[in-house]
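Notes follow the structure.
Basis for what follows: all heavy atoms, side chains included, without hydrogens, waters or symmetry-related copies.
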Amino acid sequence: MSKAGFSGILKSAILALFLVGAVIPVSFAGQTVGRQSMAFDSEPLSIASPKGQTHKFSVELALTPPQLELGLMYRDSMPADHGMLFDFGTSRPVMMWMKNTKLPLDMLFLDQNGVVTHIQENAVPYSEAIISSGGPVAYVIELNAGIVRKLGLAVGDTVTSATISRKLSK
């Protein structure tokens with residue numbers, strides 16, 4: 001191959017790498033911004049203790065794979081009576097983490113009937129430590145840290161919402 005031919009190929013290769021390098025960060029940044037502004041539907045949710053106390057929340061619904069992945073990441077605040085309900089579709093072991101999550105959270109793990117089977121209090125913001133469900137679960141509720149202790153929520157409490165009720169009636 002001639003020196004001129006090699007030089008032309010080299011220039012084309014460098015230009016191609018430059019263009020690929022320019023496109024990848026832009027598309028990645030677009031995905032990140034899109035995820036941060038993703039829309040979630042919401043619904044009322046109640047948590048009832050065996051003693052008869054009921055606590056009401058408004059929860060956003062994480063139902064699709066992108067919503068399940070994003071969850072409450074990048075949020076700066078959340079009202080005290082709000083949270084997020086993750087619906088995994090079927091009962092299975094679940095692992096959560098706090099990567100890119102600014103808010104400390106309490107996590108309630110629920111079986112297919114909406115019964116709390118495990119609780120993780122005060123999950124640490126930005127932590128990549130795995131938080132295990134401790135067994136098969138169908139749902140996870142994330143609430144502001146401290147709510148579990150403040151309200152006395154416990155394993156055995158029952159959660160009701162339209163999302164959980166729809167699945168129970170099938």
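Note that CG of Leu45 and OG1 of Thr160 are 6.5 Å apart. Values are rounded to the nearest 0.5 Å. Distance check: Tyr126 OH to Thr101 OG1 gives 8.5 Å after rounding to the nearest 0.5 Å. In this structure, OG1 on Thr90 lies 8.0 Å from NZ on Lys167, to the nearest 0.5 angstrom.
Distance alone, capped at 3.5 Å, places no donor-acceptor pair between the Glu121 side chain and the Val148 backbone. The closest donor-acceptor contact from the side chain of Asn113 to the backbone of Val115 lies at 3.5 Å or more, if one exists at all. Under a 3.5 Å cut-off, the side chain of Asn144 and the backbone N or O of Met78 do form a donor-acceptor pair. Counting only distance, with no hydrogens or angles, the side chain of Asp106 and the backbone of Ile147 share a donor-acceptor pair below 3.5 Å. Between the side chain of Gln67 and the backbone N or O of Ala39, at least one donor-acceptor pair lies under 3.5 Å. For Thr117 (side chain) and Phe109 (main-chain N/O), a donor-acceptor pair under 3.5 Å exists by modelled atom type.
Of the charged side-chain nitrogens involved, none lies within less than 4.0 Å of a carboxylate oxygen, so that Arg75 and Glu142 do not count as a salt-bridged pair.
No side-chain heavy atom of Leu153 sits under 4.5 Å from any side-chain heavy atom of Val116. Looking at heavy atoms from C-beta onward, Leu108 lies out of side-chain contact with Tyr139 at the 4.5 angstrom threshold. By the 4.5 Å heavy-atom criterion applied to side chains, Leu85 and Glu43 are counted as neighbours.
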For this session: Apply salt bridge (Lys or Arg N to Asp or Glu O under 4.0 Å) to the pair Asp81 and Lys56, showing each step before the final yes or no.
Result: CA-CA 7 Å; Asp81 63 343; Lys56 297 184 182 291; over 6 Å; no
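Clustering ILVMFWY residues whenever any of their side-chain heavy atoms sit less than 4.5 angstrom apart, transitively, puts Leu63 in a cluster other than the one holding Val137.
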